[in-house]
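For reference, the structure discussed in these notes is given below.
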Amino acid sequence: TNAPAISHWQRGDLEKAEEWYLEARRLADRAGDAKLLAVIEQNLGLVANARGEIPVALDHFRESLNRYRELGLAEHAGPLYNQIGMAHADLEQWDDAAEAYEAAIKSSESVSDQGTTMAARINRIEMWIALRAFSRARGEAHRLLLEAEAAPDRLVLAETYKLLGVISCE
């Protein structure tokens with residue numbers, strides 16, 4: 001039941017996706033599949049987020065995070081914290097967003113997940129731009145640029161150059 005949910009979600013049919021995810025959650029719960037329950041909660045959060053139901057998305061993301069923690073699956077914490085940060089940023093809850101991005105960075109670094117670490121740093125730079133904290137955003141962007149050039153990570157390079165362009169226009 002998780003596969004049809006994903007299929008509906010990818011096609012933009014959020015109502016059907018949610019129905020299938022709820023059914024998948026019911027079956028995973030009955031089967032005692034704790035990891036699948038964590039994944040489904042995260043996916044329900046993504047569906048709610050796509051609908052613009054940010055507080056509902058945050059509830060699902062936090063439930064998923066708690067389930068991953070209980071299972072000792074630290075590698076899933078960073079991406080979830082990053083999603084939580086983006087949700088708080090959407091609500092302009094800047095302190096909560098900053099806290100979530102910092103947790104995403106620390107969690108991702110602890111499991112050597114460079115991709116999520118850099119994504120969270122990019123999101124944090126975007127947050128600082130939204131807050132008009134341009135010197136802080138510029139400093140972090142330059143540090144990130146040096147690391148991305150050393151990697152080399154073209155996506156991070158492109159995103160960082162884009163952000164530096166935004167900053168330079170201010």
Side-chain angles (χ1 to χ4, degrees), residues 1-128 130 140 144 147-148 151 153-156 159-160:
T1 56
N2 204 29
I6 293 168
S7 175
H8 285 287
W9 179 41
Q10 290 174 341
R11 291 190 317 238
D13 187 352
L14 301 178
E15 296 298 322
K16 279 287 191 199
E18 183 180 42
E19 287 175 26
W20 281 101
Y21 279 131
L22 291 172
E23 177 63 10
R25 183 171 67 182
R26 186 184 67 75
L27 294 171
D29 187 44
R30 188 167 25 163
D33 191 334
K35 184 176 180 183
L36 183 57
L37 283 167
V39 171
I40 293 167
E41 284 299 329
Q42 185 173 2
N43 289 339
L44 283 166
L46 293 170
V47 169
N49 193 49
R51 282 189 178 141
E53 298 170 355
I54 309 302
V56 174
L58 283 166
D59 289 342
H60 286 296
F61 291 152
R62 287 186 192 109
E63 177 63 23
S64 177
L65 184 61
N66 289 335
R67 289 178 182 275
Y68 283 129
R69 276 192 196 132
E70 289 171 4
L71 295 167
L73 298 172
E75 66 273 15
H76 295 280
L80 266 167
Y81 278 124
N82 193 39
Q83 289 172 330
I84 290 168
M86 289 186 292
H88 282 299
D90 287 344
L91 295 172
E92 297 183 358
Q93 296 171 343
W94 303 118
D95 290 340
D96 292 332
E99 185 179 309
Y101 290 141
E102 186 62 30
I105 292 164
K106 287 181 179 176
S107 296
S108 298
E109 286 176 343
S110 74
V111 295
S112 302
D113 179 356
Q114 186 177 12
T116 300
T117 299
M118 290 192 170
R121 289 175 67 190
I122 286 169
N123 289 333
R124 187 170 61 179
I125 293 167
E126 290 175 348
M127 177 191 72
W128 286 332
E140 176 68 0
L144 186 57
E147 292 173 34
D153 188 319
R154 288 186 176 160
L155 178 60
V156 173
E159 285 295 316
T160 305

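Note that these values count all heavy atoms, side chains included, but never hydrogens, waters or copies made by symmetry.
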Is Arg25 salt-bridged to Glu18, going by a charged N under 4.0 Å from an acidic O? no

State the CD1-CG distance between Ile105 and Asp113, to the nearest 0.5 angstrom. 12.0 Å

Looking at every heavy atom in both Ala104 and Gly78, which two are closest together, and how far apart are they? CB-O, 3.5 Å

Spell out, as yes or no, whether a donor-acceptor pair under 3.5 Å connects the side chain of Ser64 to the backbone of His60. no

Identify each donor-acceptor pair in which a side-chain atom of residues 88-95 lies under 3.5 Å from a protein atom, sequence neighbours left out, and give them as a table.
residue	atom	partner	partner atom	Å
His88	ND1	Gln93	OE1	2.5
His88	NE2	Arg62	NH2	3.3

Mind checking side-chain hydrogen bond (donor to acceptor under 3.5 Å, both in side chains) for Tyr101 and listing every partner two or more places apart, or none if nothing turns up? none

Taking the basic N atoms (NZ, or NE/NH1/NH2) and the acidic carboxylate oxygens, is any pair closer than 4.0 Å for Arg26 and Glu23? yes

Got Val56 and Leu44 here, is their nearest side-chain heavy-atom distance under 4.5 Å? no

Between CE of Met118 and OG1 of Thr160, what distance do you get to the nearest 0.5 Å? 8.0 Å

Residue pair Gln42 / Leu80, side-chain heavy-atom distance below 4.5 Å: yes

Rounded to the nearest 0.5 Å, how far apart are CD of Glu75 and OG of Ser107? 11.0 Å

Could you pull out the closest heavy-atom pair between Ser108 and Thr116, with the gap in Å? OG-CG2, 3.0 Å

Point-to-point distance, once rounded to the nearest 0.5 Å, from OH of Tyr81 to CD of Glu99: 8.5 Å

Rounded to the nearest 0.5 Å, what separates atom CG in Leu27 from atom CH2 in Trp20? 9.5 Å

Nearest atoms (heavy-atom pairs only) where Ala5 meets Ala17: O-CB, 3.5 Å

Taking the side chain as every heavy atom from C-beta outward, state whether Arg67 and His76 have any atom pair closer than 4.5 Å. no

Testing the basics here: between Leu46 and Gln83, what is the closest heavy-atom pair and its distance to 0.1 Å? CD2-NE2, 3.2 Å

Count the heavy atoms of every other residue, nucleotide or ligand shown that sit under 6.0 Å from CD of Glu63, and state whether that count exceeds 12. yes

Can you give each donor-acceptor pair under 3.5 Å made by side-chain atoms of residues 119-128, sequence neighbours left out, with the distance rounded to 0.1 Å?
residue	atom	partner	partner atom	Å
Arg121	NE	Glu140	OE2	2.6
Arg121	NH1	Glu147	OE1	2.6
Arg121	NH1	Glu147	OE2	3.2
Arg121	NH2	Glu140	OE2	3.2
Arg121	NH2	Glu147	OE2	3.3
Asn123	ND2	Asn82	OD1	3.0
Asn123	ND2	Ala119	O	3.3
Arg124	NH1	Glu102	OE1	2.8
Arg124	NH2	Glu140	OE2	3.2

